[in-house]
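Just so you know, these numbers come straight off a predicted model, no measurement behind them.
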Amino acid sequence: MDMHAENESGTNATDPTDTTGPAVPDLGPAARRVARLLDGITDDHLSAPTPCPEYAVRDLLQHLVGLTAAFRDAAEKRLGPSTATDPGSAGPGPLAEDWRHRLPRQLGELVTAWHRPEAWEGQTQAGGVTLPGQVAGVVALNELVVHGWDLARATGQEYTADEESARACVELMAPADPSGTEGLFGPVVDVPDGAPVLDRVIGLSGRSPSWTPPAMG
């Protein structure tokens, strides 16, 4: 799949004429935005800090390499090492040398996998946790949206999220404990009433929407 060529519309992954099941979000718009960010990342960016305090840009990129493979396999119900590993305990590891080629390819594979209606059915596994496919797909979307924002902020690039993706992320995170969820989200950062939906997503993830890289020197 050409991650740069497809349109930006946020459409349901299921056939819109099929009314037998709940609508599910399309991971395509979020994945394409992450793919485009990669073109703006130079080798000089790799050691830069990100809104994830424990991650430099290279760590965040490797985390994306791992999660795109894990959630692709979760969608396909190919459970094994990629889906059984808790990324919080294992850490991202060294950045794959071929990340510039591997990550766009895996983003495309991720989108294709979650376009299949059966991906959203039954149980699957991700991060060592067994969960419904309906939940795993939204978690994958949330990872793309939040870490896309992280990557854009860390490398000085513009970033937006389509309304459908952002609202799906809010619905996922809003019921969580405001004090944070260990290994997933920090304490919620309040945002003003009327703020963009993306700002609310970022605040719910425990990040400040106003985060900028610390001044060097």
Side-chain angles (χ1 to χ4, degrees), residues 1-3 6 12-15 21-35 37-38 41 46 50 52 54-151 165 168-169 171-173 176 181-185 205:
M1 174 180 291
D2 183 348
M3 296 301 298
E6 297 193 16
N12 289 341
T14 52
D15 182 346
V24 296
D26 180 1
L27 276 64
R32 288 189 286 274
R33 288 184 174 94
V34 173
L37 290 172
L38 305 181
I41 299 175
L46 297 181
T50 75
C52 303
E54 68 275 22
Y55 282 2
V57 168
R58 62 165 48 89
D59 304 314
L60 183 56
L61 288 167
Q62 183 58 29
H63 180 62
L64 284 163
V65 169
L67 77 86
T68 50
F71 281 98
R72 174 202 63 204
D73 294 347
E76 296 172 350
K77 309 299 194 292
R78 289 193 291 122
L79 309 187
S82 68
T83 64
T85 302
D86 176 359
S89 62
L95 180 59
E97 292 185 3
D98 63 344
W99 67 270
R100 290 188 183 278
H101 302 287
R102 185 186 300 189
L103 189 48
R105 182 183 73 247
Q106 289 183 184
L107 284 162
E109 293 168 351
L110 178 73
V111 172
T112 298
W114 286 101
H115 272 172
R116 300 185 179 107
E118 58 268 27
W120 301 84
E121 300 169 355
Q123 297 288 109
T124 190
Q125 182 189 58
V129 178
T130 299
L131 70 172
Q134 186 82 18
V135 175
V138 182
V139 173
L141 173 64
N142 188 71
E143 291 279 317
L144 294 176
V145 170
V146 173
H147 289 316
W149 181 87
D150 288 335
L151 200 56
S165 295
C169 293
E171 289 177 13
L172 174 73
M173 293 189 291
T181 303
E182 186 175 357
L184 292 175
F185 311 123
S205 75

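Of the possible donor and acceptor atoms, none in the side chain of Thr124 sits under 3.5 Å from a partner among the backbone N and O of Lys77.
In this structure, the side-chain contact (heavy atoms from CB on, under 4.5 Å) partners of Glu121, at least two apart in sequence or on a different chain, are Glu118. Applying the side-chain contact (heavy atoms from CB on, under 4.5 Å) test to Ala75 and every residue at least two apart in sequence or in another chain returns Ala113, Trp114, Ala119. Under the side-chain contact (heavy atoms from CB on, under 4.5 Å) criterion, Val129 pairs with no residue, sequence neighbours left out. Every side-chain hydrogen bond (donor to acceptor under 3.5 Å, both in side chains) that Arg78 has, sequence neighbours left out, goes to Asp73, Glu76. Looking at residues two or more places apart in sequence or on another chain, you find a side-chain hydrogen bond (donor to acceptor under 3.5 Å, both in side chains) between Thr83 and Gln125.
Between Gln123 and Leu131 there is no side-chain heavy-atom pair separated by less than 4.5 Å. At a threshold of 4.5 Å between non-hydrogen side-chain atoms, the residues Val138 and Trp120 count as touching. Counting only heavy atoms from C-beta outward, the side chains of Leu103 and Asp98 never approach each other to under 4.5 Å. Side-chain contact check for Leu27 versus Leu110: some heavy-atom pair is nearer than 4.5 Å.
Of all heavy-atom pairs spanning Val111 and Ala31, the tightest one is CG2-CB, 3.4 Å. In terms of heavy-atom proximity, Leu141 sits nearest to Ser165 at CD1-OG, 3.7 Å.
For the pairing with Asn142, the side-chain contact (heavy atoms from CB on, under 4.5 Å) check across Leu144, Val146, Val139, Val145 returns one residue only, Val146. A side-chain contact (heavy atoms from CB on, under 4.5 Å) with Thr112 is found for one member of His115, Glu109, Arg116 and no other, namely Arg116.
One finds the CH2 atom of Trp149 at 13.5 Å from the SG atom of Cys169 (value rounded to the nearest 0.5 Å).
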Practice prompt. Using the side chain to side chain contact (heavy atoms under 4.5 Å, CB included) rule, take Trp99 and Leu38 through it: C-alpha gap first, then chi angles, then the decisive distance, then the call.
Written response: CA-CA 10 Å; Trp99 67 270; Leu38 305 181; 4.1 Å; yes

Under 3.5 Å, which donor-acceptor pairs link side chains of residues 57-68 to any protein atom two or more places apart or in another chain?
| residue | atom | partner | partner atom | Å |
| --- | --- | --- | --- | --- |
| Asp59 | OD2 | Ala56 | N | 2.9 |
| Gln62 | OE1 | Ala96 | N | 2.9 |
| His63 | NE2 | Glu143 | OE1 | 3.4 |
| His63 | NE2 | His147 | NE2 | 3.3 |
| Thr68 | OG1 | Leu64 | O | 2.8 |
| Thr68 | OG1 | Val65 | O | 3.0 |
| Thr68 | OG1 | Gln106 | NE2 | 2.9 |

